[in-house]
Amino acid sequence: MLKLFTLIVAAVIASPALANDTMAEVKTGGLIFAQSDDVSMAEEDLFISASEVRVDYIFENSSDKDVESLVAFPMPDISGQVDNNSAISDYDSDNFLHFSTVQDGRPITAKLQQRVVSLGIDVTDEFAKLGMPVLPYSQKTTEALAKLPETVRKDWISRGLVYPMGTGDAAGVDLVPLWTLRSTYWWRTTFPAKKKVSVEHRYKPAVGGTVAISFFEGGEPKGDRFEEYSRKYCLDGDFVRVAQQRAREAEAGGANYTESWISYVLSTGANWAGPIKRFQLTIDKGKPGSLISFCGSNVQKIGPTTFRMTSEDFDPTRDFDILILNPPETAQ
């Protein structure tokens, strides 16, 4: 009899409260297992940059029976709000992270499940009955909301599905989506007995950030935000000194550096049999003139923009949060 377990990919939205020139990053991650004593992760090769996340795994089934698996990639929730500041850039595509996966060299065609939730209530069937697009910020959704019958408009406003922008009766205002879209790609696979299986997946991260360098107070390394950054990104003295110098140059009339934030959920993936036998993380900061800070051990610079960390019998205990300070276009 085949044994069944589930893998999922962690993805949650992070939404720092900052100024209007700020975009909140979207946390994404790797595969998570329901508990299995038979399948272990022999290798994980993780690559993170502002333009792409690549994760290559080697799984090993040590048992003498095939293990059937349901695999899922939950996309980050997209929640409608009056002031949208999420860094997701492709709101018109169901696959807004451009996710793809390959197993043993063969592309996987995943199924997509989408659910619409408002105030904890599933309203997916109601949307389907009305032919309403589910992506909160897509152009098709905007056009469909403008054409809703007045009775539906009033009902949705009263139930908190949409927010009326403007004055007048329900028929004379623009409607802003307030519902949450939960999307999951999923497929079935089998880990053959006594064999290794390679699984690769790719997606485009939703990179958050803000203009200028935001974590100093009066130009000095102090204050709540500096303390938060120090904990989250493991800022060291050299990084802080250079960042201070760049901030002062901007105050003196130079162009601002900008911040980029990338978050990767790793700790929630520690549910397979044993630690990761071989783990490798490569991070690309993008431009030689950029500054980068993140928490890691035994990190080596392997190129003008790339850094690598390797570990044996790796047991992930925290997520990766990456801070990149991008130079002005003229100083790259």
Side-chain angles (χ1 to χ4, degrees), residues 9-16 18 21-31 44-57 73-76 78 84-102 107-108 110 135 137 183 185 199-214 232-233 239 255-266 269 279-296 299-309 319-332:
V9 180
V12 295
I13 276 189
S15 302
L18 294 168
D21 52 12
T22 295
M23 300 297 287
E25 79 267 35
V26 173
K27 279 194 173 185
T28 46
L31 297 176
E44 178 177 357
D45 189 348
L46 171 62
F47 173 87
I48 303 175
S49 73
S51 59
E52 185 181 37
V53 172
R54 303 194 303 263
V55 195
D56 298 339
Y57 305 93
F73 183 89
M75 302 281 274
I78 299 181
N84 173 41
N85 75 334
S86 173
I88 293 173
S89 60
D90 190 359
Y91 283 114
D92 291 304
S93 172
D94 289 328
N95 189 4
F96 51 85
L97 294 183
H98 301 167
F99 165 77
S100 65
T101 188
V102 172
I108 297 294
L135 288 161
Y137 298 113
S183 305
Y185 283 98
V199 179
E200 309 165 14
H201 67 86
R202 310 282 189 267
Y203 55 85
K204 180 179 175 60
V207 180
T210 189
V211 299
I213 297 174
S214 70
K232 187 174 182 178
Y233 302 114
F239 180 91
N256 281 325
Y257 272 57
T258 60
E259 295 181 16
S260 292
W261 314 315
I262 308 173
S263 295
Y264 184 88
V265 179
L266 183 66
F279 175 78
Q280 177 172 282
L281 167 68
T282 304
I283 296 177
D284 191 334
K285 66 180 181 177
K287 303 170 184 175
S290 295
L291 307 177
I292 187 170
S293 188
F294 59 93
C295 300
V299 178
Q300 295 182 327
K301 187 174 183 180
I302 60 171
T305 63
T306 50
F307 302 81
R308 179 164 291 167
M309 183 181 84
D319 301 334
F320 283 115
D321 292 294
I322 302 165
L323 170 65
I324 301 175
L325 300 185
N326 308 291
E329 293 295 322
T330 56
Q332 296 177 25

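Positions are given from 1 along the sequence. Computed from a predicted structure; not experimentally measured.
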Identify the heavy atoms of [X] and [Y] that sit nearest to each other, and give their distance.
X: Gly209; Y: Trp261; answer: N-CE3, 3.3 Å
X: Thr258; Y: Val211; answer: CG2-CA, 4.1 Å
X: Glu200; Y: Thr101; answer: O-OG1, 2.8 Å
X: Phe96; Y: Asp90; answer: CB-O, 3.1 Å
X: Ile78; Y: Tyr91; answer: CG2-CE2, 4.3 Å
X: Val102; Y: Pro107; answer: CG2-CA, 4.1 Å

Of all residues at least two apart in sequence or in a different chain, which pass the side chain to side chain donor-acceptor pair (under 3.5 Å) check with Thr282? Arg308
Can you list everything that forms a side chain to side chain donor-acceptor pair (under 3.5 Å) with Ser93? Sequence neighbours excluded, please. none
Are side-chain heavy atoms of [X] and [Y] found at a separation under 4.5 Å?
X: Tyr264; Y: Val55; value: yes
X: Ile283; Y: Phe320; value: no
X: Asp92; Y: Leu135; value: no

Asn95 and Met75: side chain to side chain contact (heavy atoms under 4.5 Å, CB included), yes or no, with the steps? CA-CA 8 Å; Asn95 189 4; Met75 302 281 274; 3.7 Å; yes
Gap between atom [atom2] of [Y] and atom [atom1] of [X] - 0.5 Å precision:
X: Asp56; Y: His201; atom1: CG; atom2: NE2; result: 9.0 Å
X: Ser214; Y: Asn256; atom1: OG; atom2: CG; result: 11.0 Å
X: Phe279; Y: Glu44; atom1: CZ; atom2: CD; result: 5.0 Å
X: Tyr233; Y: Leu325; atom1: OH; atom2: CG; result: 10.0 Å
X: Glu259; Y: Thr210; atom1: CD; atom2: OG1; result: 6.5 Å

Going by side-chain contact (heavy atoms from CB on, under 4.5 Å), name the residues that satisfy it together with [X], two or more places apart in sequence or in a different chain.
X: Val299; result: Phe294, Phe307, Met309
X: Ser290; result: Lys285, Lys287, Ile324, Asn326, Pro327
X: Ala50; result: Val207, Ile262
X: Ser100; result: Arg202

Backbone N/O of Asp284 and side chain of Ser49: donor-acceptor pair under 3.5 Å: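 No; zero donor-acceptor contacts below 3.5 Å.
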For Asp321 and Ser263, which I'm curious about, is there any donor-acceptor pair between the side chains at under 3.5 Å? yes
In terms of relative ring orientation, are Phe73 and Tyr203 parallel, tilted or perpendicular, with 30° and 60° separating the classes? tilted
